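Bear in mind the structure is a predicted one, so any value in this text is a computation, not a measurement. Nothing fancy with the numbering, it's 1 onward along the sequence.
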Amino acid sequence: MSFSPATPMPSIYQARTNTPTCLLSLRDSYHRGPDCAKSYSGCASWRSAANYAGFQEGGGKLSLMPIIVKQYSVKRTGVFRCATIEEIEAEKSLIEKDVKGRMEKTIDTVRSNFNAMRTGRANPAMLDQIEVEYYGTPVSLKGIAQISTPDASSLLVQPYDKSSLKTIEKAIVTSNLGLTPNNDGDVIRLSLPPLTSDRRKELSKVVAKQAEEGKVALRNIRRDALRAYEKLEKEKKLSEDNVKDLSNDLQKLTDEYVKKIDVIYKQKEKELLKI
C-alpha cells in the first residue's frame, strides 16, 4: 500500500504519553549498521514504497529508511496436571488386584488339570474338562449331567436330558481319558481299570509338565506387572525407589504362588505313584 504524507496516521500508531513504543525495527541505511530499535513517538504521518518507509517528525523533513519486517510466532504449550497421591495409589491398587486375580486363576487352572488326571481312585473332577455338543453349542458335561461315584473305581453319569446320552458317550470316548463308557439307555457307567506302574510314571511326567507351565504363567503375570510399574515411572508417577520396592513385593507374591503350585503338585504326584 502507498500512503500519502498528508494522510493522518490511525490512532493506534500515534504517540501515547509516557508509553514509548517501538513501531518498527529499522536498519541504518547510511552506515549499514545493525538493526536498531527506535521509538518514533512523534510521528505525524508516514508513507511506504517497496521496503522503505518515510517518517516525518513534528513537521520536519520527510526521510526514508529501510524497513526490516520481523515475524513473531507464539508457541502454545499444553497444560499438564500432576497426578495426585490418591490417583497414583489407585493405579497401583488396580495393578496389584489384577496380579492377584490372574495368579489365583492360574492356580485354579493347574488344580483343575490335576483333578482331571486319572488316578487309581474315581473322582468326578476327572470329567470336568469334557465338553459336549448340546444342540449345536459346546457345553461342559457337568452342566448337563449329574456325576457321582458309586464306589472307588467307577463313575456314574446321569444326564438331565436323556436325548443327550449318545452325544455324552461320544465325548467321553474322544476325551483321551482311556475310559470305556457303558450306556444302558438311562445312565452312563465308567469303570476305572487299575493303573500300571508304567502308566503312573507317564502321568507323573504329564503332571510335572503342567506344574511347570503354571509357574511360567505366574512369571509372565509378574513381568506384565513390572511393565505397568515401569510405565508409571516413565510418567513420573513413581520414583525409581518406588518401583524397586514394588518389584520386591511382587517377587515375594510370585514366590508364594509358586509354592502353592509345588504343594498341589506333590499331592497329585503322591496320588499317582501310590500303589
Can a donor-acceptor pair be found, under 3.5 Å and without considering hydrogens, that links the side chain of Arg189 to the backbone of Asn182? no

*Would Lys234 and Glu240 satisfy salt bridge (charged side-chain N to carboxylate O under 4.0 Å, His left out), going step by step from the backbone distance to the final call?*
CA-CA 10 Å; Lys234 290 180 180 179; Glu240 184 178 353; over 6 Å; no

(request) Ignoring hydrogens and angles, state whether a donor on the side chain of Gln129 or Asn115 is under 3.5 Å from an acceptor on the partner side chain. (result) no

Salt bridge (Lys or Arg N to Asp or Glu O under 4.0 Å) filter on Asp249, not counting sequence neighbours, yields none

If you define the side chain from C-beta out and look only at heavy atoms, does anything of Arg227 sit under 4.5 Å from Lys231? no

Show your working on salt bridge (charged side-chain N to carboxylate O under 4.0 Å, His left out) between Asp108 and Arg111 and close with a plain yes or no. CA-CA 5 Å; Asp108 291 341; Arg111 185 179 287 111; 3.6 Å; yes

Verdict with supporting geometry, Gln210 and Val110, side-chain contact (heavy atoms from CB on, under 4.5 Å): CA-CA 7 Å; Gln210 291 177 343; Val110 173; 5.6 Å; no

Q.
Go through it in stages, so that I can follow the logic: the residues are Ile144 and Ile168, the test is side-chain contact (heavy atoms from CB on, under 4.5 Å), and I'd like the CA-CA distance, side-chain angles, deciding distance and then a yes or no.
A. CA-CA 9 Å; Ile144 61 173; Ile168 293 175; 4.2 Å; yes

dist Leu272:CG -> Gln267:CD (nearest 0.5 Å) comes out at 12.0 Å

**Worked verdict on Leu238 versus Leu246 for side-chain contact (heavy atoms from CB on, under 4.5 Å)** = CA-CA 10 Å; Leu238 293 177; Leu246 291 170; 3.8 Å; yes

Between Leu190 and the options Ile147, Leu127, Thr180, the side-chain contact (heavy atoms from CB on, under 4.5 Å) test singles out Leu127

Which of Asn123, Leu192, Leu155 passes side-chain contact (heavy atoms from CB on, under 4.5 Å) with Thr149? Answer is Leu155

* Mind checking whether Leu226 and Ser247 have side chains closer than 4.5 Å, heavy atoms only? -> yes

Any luck finding a side-chain donor-acceptor pair between Tyr257 and Glu104 under 3.5 Å? yes

Legend entry - Side-chain donor-acceptor contact under 3.5 Å, Asn242 with Ser239: yes

In short, Ile261 meets Ala211 closest at the heavy-atom pair CG2-O, 3.7 Å

Apart from Leu156 itself, members of its ILVMFWY cluster (side-chain separation under 4.5 Å) are Val187

Separation between NZ (Lys205) and CZ (Arg200), nearest 0.5 Å, reads 16.0 Å

Problem set entry | Pair Tyr265, Glu269: side-chain N/O donor-acceptor within cut-off below 3.5 Å | yes

Shortest non-hydrogen pair, Ser164 vs Pro159, comes out as OG-CB, 3.7 Å

Nearest heavy-atom contact between Gly143 and Tyr160 is O-CE1, 3.9 Å

So for atom NZ, which belongs to Lys260, do other residues, nucleotides or ligands contribute more than 12 heavy atoms lying within a distance under 6.0 Å? yes

Applying salt bridge (Lys or Arg N to Asp or Glu O under 4.0 Å) to Asp241 and not counting sequence neighbours gives none

Under 3.5 Å, side chain of Ser112 to main-chain N/O of Thr109, donor-acceptor pair present? no

Rounded to the nearest 0.5 Å, the NZ atom of Lys268 sits from the OG atom of Ser204 at a distance of 11.0 Å

Correct closest heavy-atom pair for Ala171 and Glu131 would be CB-O, 3.6 Å

Hydrophobic cluster identity match, Val206 and Ile264, side-chain contacts under 4.5 Å | yes

Considering only heavy atoms from C-beta outward, does the side chain of Lys215 approach that of Asp262 to under 4.5 Å?
-> yes

Could you verify whether a donor N or O on one side chain and an acceptor N or O on the other, from Ser153 and Asp151, lie under 3.5 Å apart? yes

Practice prompt. I would like to know whether Leu218 and Arg222 meet side-chain contact (heavy atoms from CB on, under 4.5 Å); could you show each step before the answer?
Written response: CA-CA 6 Å; Leu218 293 176; Arg222 173 182 173 275; over 6 Å; no

When rounded to the nearest 0.5 Å, the distance separating CG of Leu141 from OG1 of Thr167 is 11.0 Å

On a heavy-atom basis, the closest approach of Thr106 and Gly214 is CG2-O, 3.6 Å

message: Go through it in stages, so that I can follow the logic: the residues are Glu233 and Lys237, the test is salt bridge (charged side-chain N to carboxylate O under 4.0 Å, His left out), and I'd like the CA-CA distance, side-chain angles, deciding distance and then a yes or no.
response: CA-CA 6 Å; Glu233 182 184 2; Lys237 295 180 179 179; over 6 Å; no

Less than 4.5 Å apart, any side-chain heavy atom of Glu91 and any of Leu232?
yes

Under the salt bridge (charged side-chain N to carboxylate O under 4.0 Å, His left out) criterion, do Lys92 and Glu89 qualify, and how do the steps go?
-> CA-CA 5 Å; Lys92 286 167 54 180; Glu89 289 297 328; 3.3 Å; yes

Rounding to 0.5 Å, atoms CG (Asn248) and CG (Leu253) come to a distance of 12.5 Å

#### Entry: Verify same cluster id: Val216, Val258 (apolar side-chain graph, 4.5 Å)
no

Closest heavy-atom pair, Leu179 versus Met126, reported as atoms and distance to 0.1 Å, is CD1-CE, 4.4 Å

In terms of hydrophobic clusters joined by side-chain contacts under 4.5 Å, are Tyr134 and Val173 together?
-> no

NZ (Lys170) and CG (Leu165) are apart, to the nearest 0.5 Å, by 15.0 Å

Under 4.0 Å between a Lys/Arg side-chain N and an Asp/Glu carboxylate O for Lys100 and Glu96?
no

Indicate yes or no: does Arg102 engage Asp98 in a salt bridge with an N to O separation below 4.0 Å. yes

inquiry  = Checking Thr196 against Asp198 for the side-chain hydrogen bond (donor to acceptor under 3.5 Å, both in side chains) test, could you report, in this order, the C-alpha distance in whole Å, the side-chain angles of both residues, the deciding distance, and whether it holds?
reply    = CA-CA 5 Å; Thr196 65; Asp198 290 341; 5.5 Å; no

